[in-house]
Structures are given as C-alpha cells and as structure tokens.
Peer 1: 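After the structure tokens below, expect a handful of questions from me.
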Amino acid sequence: MKTLNDVVVERLCKFMGEKNLTQYRLSQLSGVPFPTIKSIMQKRTKGISLKTIILLAYGLDITPSEFIDDISFLADNLDLE
C-alpha cells in the first residue's frame, strides 16, 4: 500500500512531466520553497499540508481538485497510519 507522500510524488511527476517543469521552476511558479519540493520528491517529507498541495496545484496551473482526482487518493488505497 502506498503512503500519501508516494501518491503526491506520483501526481507531481505526472503533471510536471506533462508541463515540462523542473522542480526549481515549479518552486518559482508555486511559491513553495525549492528545498521543500526537493524533500517531497525524495520522499523525505513525513506530512504534506493541504496548503502545500494547493500551492503546488496553483504552480501546475490546475485546481487542487484536479490534483487529487485520482483513485490513488481513496482511503482504501492509502496507508494512512
């Protein structure tokens, strides 16, 4: 079972790939500090705040709803412990 962080990283990779964005460019567009994005991508972050998800979605030019609109985010598919 995947963690919330695993799923967020997968979604970030998907959207960043589609939009040809680097982590640094996403940082500039979203206002999320580059070290924070790097930490998330390296799966060193234990908890990702809703605020961060909203800012990252903004940087990706999508809504937060679009970002989390994936079956991977269903509670049955996540290790929420």
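No hydrogens, no waters, no symmetry mates; every other heavy atom, side chains included, goes into these values.
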Peer 1: Report the distance from atom OG of S30 to atom CD of Q23, rounding to the nearest 0.5 Å.
Peer 2: 11.0 Å

Peer 1: Run the salt-bridge test on K2 and D79 with the 4.0 Å N-O cut-off and return the result as yes or no.
Peer 2: no

Peer 1: Please round to the nearest 0.5 Å and tell me the distance separating atom CG of D76 and atom CD1 of I71.
Peer 2: 11.0 Å

Peer 1: Apply side chain to side chain contact (heavy atoms under 4.5 Å, CB included) to M16 and R25, showing your working.
Peer 2: CA-CA 10 Å; M16 287 171 63; R25 184 67 181 136; over 6 Å; no

Peer 1: If you measure only the distance, is there a donor-acceptor pair under 3.5 Å linking the side chains of D70 and S72?
Peer 2: yes

Peer 1: Any luck finding a side-chain donor-acceptor pair between T52 and S49 under 3.5 Å?
Peer 2: yes

Peer 1: For N77, does the CG atom have more than 12 heavy-atom neighbours from other residues, nucleotides or ligands under 6.0 Å away?
Peer 2: yes

Peer 1: Among side-chain atoms of T63 and E66, is any donor-acceptor pair under 3.5 angstrom?
Peer 2: yes

Peer 1: To the nearest 0.5 Å, what is the distance between CG on L50 and CD1 on I68?
Peer 2: 8.0 Å

Peer 1: Are D6 and T3 packed together at the side-chain level, in the sense that at least one heavy-atom pair is separated by less than 4.5 angstrom?
Peer 2: yes

Peer 1: Got a sec: does the NZ of K38 have more than 12 other heavy atoms crowding it under 6.0 Å?
Peer 2: no

Peer 1: Do I54 and L60 share a hydrophobic cluster, counting only Ile, Leu, Val, Met, Phe, Trp and Tyr and linking them when any side-chain heavy atoms are less than 4.5 Å apart?
Peer 2: no

Peer 1: Would you check, one step at a time, whether the test side chain to side chain contact (heavy atoms under 4.5 Å, CB included) holds for K19 with I62?
Peer 2: CA-CA 11 Å; K19 297 172 184 295; I62 60 174; 4.1 Å; yes

Peer 1: Between F67 and I53, which heavy-atom pair has the shortest distance, and what is it?
Peer 2: CD2-CG2, 3.9 Å

Peer 1: Do Y58 and L29 sit in one hydrophobic cluster, given that two such residues count as connected whenever their side-chain heavy atoms are within less than 4.5 Å of each other, even indirectly?
Peer 2: no

Peer 1: Find out whether L4 and K46 are in side-chain contact, i.e. whether some heavy atom of one side chain is under 4.5 Å from a heavy atom of the other.
Peer 2: no

Peer 1: Is K14 salt-bridged to E10, going by a charged N under 4.0 Å from an acidic O?
Peer 2: no

Peer 1: Say whether V9 and L80 are linked into one hydrophobic cluster, either directly or through other cluster members, by side-chain heavy-atom distances under 4.5 angstrom.
Peer 2: yes

Peer 1: Considering all heavy atoms of both residues, which atom of I48 and which atom of I40 are nearest to each other, and what is their separation?
Peer 2: CD1-CG2, 3.9 Å

Peer 1: Would you please classify the geometry between the Y24 ring and the F34 ring as parallel, tilted or perpendicular, with 30° and 60° separating the classes?
Peer 2: perpendicular

Peer 1: Hey, mind stepping through S27 and V32 against side chain to side chain contact (heavy atoms under 4.5 Å, CB included) and telling me if it holds?
Peer 2: CA-CA 5 Å; S27 171; V32 175; 5.6 Å; no

Peer 1: Looking at every heavy atom in both L26 and G59, which two are closest together, and how far apart are they?
Peer 2: CD1-C, 3.8 Å

Peer 1: Is there a side chain to side chain contact (heavy atoms under 4.5 Å, CB included) between M41 and L12? Walk through the geometry before answering.
Peer 2: CA-CA 8 Å; M41 297 303 283; L12 282 173; 3.7 Å; yes

Peer 1: Under 6.0 Å from the CG atom of L74, do we count more than 12 heavy atoms belonging to anything else shown?
Peer 2: yes

